[in-house]
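Scroll down for the structure; my scribbles are underneath it.
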Amino acid sequence: MKVKRIAVIGAGVSGLGAIKSCLEEGLEPTCFEKGSDIGGLWKYEETSESGRPGIYKSLTCNTSKEMTAFSDYPCPDHYPNYLHNSKMMEYLRMYARHFGLMKHIQFRTKVCSVRKCLDFSSSGQWDVVVEADGVQKTYIFDAIMVCSGHYSEKHFPLQDFAGISKFRGRCLHSWEYKHPCNFVGKRVVVIGIGNSGVDVAGEISRVAEQVFLSTRRGAWILKRVWDHGEPMDATLFTRYNRAVGKLCPTLLLNRKMEKKLNMMFNHANYGLLPEHRIFDDRTVLSDDLPSLIITGKVMIKPNVKEFTSTSAIFEDGTEEKVDVVIFATGYTLSFPFLNDDPAILDSEYSMFKFVFPPGLDKPTLAFIGILQPMGAIIPTSEIQSRWAVRVFTGLKKLPSEKEMMADINRRKQKMAMDTMKRLQDTRRVKFIDYMDEIASELGVKPNLLSLLLWDTKLAKEIFWGPCTPYQYRLQGPGKWAGARAAILTQRDRILKPLRTRAPKHSQASLFHLSWMKSICVVMFFFISMLGIMHIASR
C-alpha cells in the first residue's frame, strides 16, 4: 500500500509534534518552514520579520517544564522549572535530534497556497504551492497539518484610539519589542494587560522614567511560584482538583481562589480588580507586577480615551505626558495560503474540537495548536496531532458533518455564557478537560479504576499529582514504555534544579525533628504500658 504523504506547515512546537506523530503512524511528512530554524515562537530574533512570531529577549515560559514537555520526552532533570526561551530552544533541538525530525523539514520555504485537487471528493488530496529562493514548486499531498500558530499577525487597533495620528511619540506593537535599552528615561504607556503587556511593562519600568499600564478590564494575577514553592500549574492542574471543581459550585470555587489571590495583594487596592470572576476569563501570570506597583515603577491606569501630540488622556480624566505607546493588543488568526476559502473555514474558524473543518468531503485537513489552552500548548497540540494522523490513516473515524456542527455549536453556546465573547475566547479550553476529550477520541485516556486495582502507586500519583503529558502514553496507540517511570519521577525532576544547595541547619533541623518524633512515640508507648500495668494491678 502506498505511503500517504503529509504536508506540515510550520516547524514550531506544534509542527515538530506533528512530524513525530506522522512518523509514528508510518506516514511520510514534509514540513515547510519559512524561517531558517525550528522553534517558531520560541526562536528569538533581534529583528522581527513580518508574518513570523516575534518575542522579547527575556521571554520565559509561563508553564512549568513537567506540564510543558512532549509526552514521551521529559525535559532534562537539571533544567529549571520555567524555561527561558533559549532553554526551550535547547529542549526542542534535543527532541528533534532524538526522533530524527530535521531531515523532514524544508527551511526558508514559504507555503503560497493550499487548494483541493480537482478529484478531492474521491481522493482527499491537496495541491500545495511553495516558494524557496524565489522559485515556486507544486506538490500533491494526501493530507495537510496546519501548524503555523497564531502569534504572527499582530492586532494593531490604532483606529480605536482618538488622536493617535497627532501623537508625535513612538508607537509600536509588543510583537516588535525586544529589550528595554531603547526606553531609558522614557515615559511609556503599555495598552493591554495580557501576559505580554505585563512582562513588557515590568521590564521597561526598570529603566524608564515612568510606565503606565492601561487596562480596560483589569485582571486576576497569578504567580509562577505557588504553595510551598511548587510550580503553579503543577500544583493546580491535578485530577483531584478537577474532580473537586466538577462537584463544587463555581461560585464557591471563584470565591476561594479570589480570596487566596487577594491575600497576596488586594487587587482592588492595586487598581487591578476585574469585573469578571476568576474562572470566567483568562488570568495573567506575573511574579513582579505587585512589587512594581507598590514601588511606583508601574502605575495602573484605565483605558486611554484619546491622545494629544505629547500625552495620553485616560477615561478617568487624568492626563499623562508620554513618549512611547506600546500596544500589547494581541494577535489575529491568519491563513493566507488558504485564500480565505469559506468552503474550508467560516469567519469564526469553526472546527470540530479545534482540529477538523466539518464541511470537507474528506477529513484530510487538520489545524494543530490553533487554540488557547489554560495550560501548556505543547501537550495539547501534540495530542491533536496524534489524533489527526489516526484519522488520516483511517484508523479513527470522525462523526457526520451534522454531528460535528452540533458539537461545535454546543461549545460556542457554552463559551458565549462563560466569556466576554471575544473571538480568541471561543478557542479557550481547560487543560485537563481538553486533553481528556481528545485522549478519549484517540483511546489513550488513563484508566484510573484499572490502575487503582493493578498499580496503586501509579494511580495515586496520577490522581493527586500534576496531570503531566506522560499520562497519555500509558496505553493505547503510541504507548511509551517509559511513561510510568516518567510519572513516578516527575516530582524529583521538579525538585532537582531547586536543591542546588543543602543548608546544614535544615539538615540538622530535620535530624532534630526526626529524634523528637521518635522520643514522642517512645514516651507515648511507655505511658500506655504504665496505664495498662496500673489497671492490671487493680
Side-chain angles (χ1 to χ4, degrees), residues 41 44-59 149-219 271-272 282 284 286 288-289 292-293 296-334 336 422-424:
L41 173 70
Y44 174 76
E45 299 285 357
E46 188 63 30
T47 303
S48 295
E49 179 184 338
S50 179
R52 287 185 52 77
I55 62 171
Y56 36 97
K57 196 168 186 177
S58 64
L59 180 67
H150 45 83
Y151 292 106
S152 300
E153 298 298 325
K154 55 184 181 290
H155 178 53
F156 206 175
L158 295 179
Q159 71 282 355
D160 294 344
F161 294 87
I164 192 68
S165 59
K166 297 183 294 184
F167 181 63
R168 294 203 302 261
R170 183 185 176 197
C171 289
L172 67 153
H173 192 278
S174 57
W175 173 84
E176 304 169 65
Y177 173 78
K178 297 301 175 182
H179 34 65
C181 60
N182 295 326
F183 302 91
V184 176
K186 302 291 186 182
R187 294 174 66 83
V188 183
V189 59
V190 178
I191 297 177
I193 199 171
N195 289 319
S196 294
V198 170
D199 277 358
V200 169
E203 187 166 85
I204 290 175
S205 73
R206 289 171 171 81
V207 299
E209 177 186 326
Q210 182 62 60
V211 171
F212 305 98
L213 182 55
S214 170
T215 171
R216 178 185 288 112
R217 306 170 66 225
L272 290 167
R282 292 174 297 168
V284 173
S286 176
D288 303 326
L289 185 60
L292 296 171
I293 294 173
K297 297 300 293 179
V298 171
M299 186 179 297
I300 303 298
K301 302 291 279 186
N303 193 46
V304 175
K305 181 181 179 182
E306 64 177 307
F307 287 96
T308 70
S309 60
T310 59
S311 65
I313 301 173
F314 299 92
E315 290 182 346
D316 61 0
T318 58
E319 182 173 355
E320 300 287 353
K321 181 182 178 298
V322 294
D323 303 301
V324 184
V325 182
I326 300 178
F327 288 83
T329 44
Y331 299 83
T332 58
L333 274 182
S334 178
R422 294 171 297 171
L423 179 59
Q424 61 265 38

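- Taking the side chain as every heavy atom from C-beta outward, Ile326 and Val200 approach each other to under 4.5 Å.
- The salt bridge (charged side-chain N to carboxylate O under 4.0 Å, His left out) analysis of residues 153-175, with sequence neighbours excluded, yields no pairs.
- By the side chain to side chain contact (heavy atoms under 4.5 Å, CB included) test, Glu209 is found to be paired with Arg187, residues two or more places apart in sequence or in another chain being considered.
- Residues passing the side-chain hydrogen bond (donor to acceptor under 3.5 Å, both in side chains) test with Ser311 are Thr308, Glu319, sequence neighbours excluded.
- Sorted by first and then second residue, the salt bridge (charged side-chain N to carboxylate O under 4.0 Å, His left out) pairs involving residues 298-311 (not counting sequence neighbours) are Lys301-Glu320.
- Arg216 pairs by the side chain to side chain contact (heavy atoms under 4.5 Å, CB included) definition with Asn303, not counting sequence neighbours.
- For Phe156, the ring pair (Phe, Tyr, Trp, His ring centres under 6.0 Å) partners are His173, Phe327, not counting sequence neighbours.
- Take Glu46 and apply the side-chain hydrogen bond (donor to acceptor under 3.5 Å, both in side chains) test, not counting sequence neighbours, and it matches Tyr44, His179.
- Qualifying side-chain hydrogen bond (donor to acceptor under 3.5 Å, both in side chains) partners for Ser58, counting only residues two or more places apart in sequence or in other chains: Glu203.
- Note on residues 183-213: pairs passing ring-ring contact (aromatic ring centres under 6.0 Å, His included), not counting sequence neighbours, are Tyr177-Phe183.
- A donor-acceptor distance shorter than 3.5 angstrom exists from the side chain of Lys178 to the backbone of Ile55, with no hydrogens or angles considered.
- Glu45 meets the side chain to side chain contact (heavy atoms under 4.5 Å, CB included) test with Lys43; sequence neighbours excluded.
- Of the possible donor and acceptor atoms, none in the side chain of Glu176 sits under 3.5 Å from a partner among the backbone N and O of Gly54.
- When side chains are defined from C-beta on, Val304 does not count as touching Ile313, because their heavy atoms never get closer than 4.5 Å.
- Nearest heavy atom pair, residue Phe167 against residue Val324, reads CZ-N, 4.2 Å.
- For Lys57, the side-chain hydrogen bond (donor to acceptor under 3.5 Å, both in side chains) criterion is met by no residue, not counting sequence neighbours.
- At least one side-chain heavy atom of Tyr56 sits under 4.5 Å from a side-chain heavy atom of Asp199.
- Remark: Leu292 engages Ser205, Arg206, Asp288, Lys297, Val298 in a side chain to side chain contact (heavy atoms under 4.5 Å, CB included) (not counting sequence neighbours).
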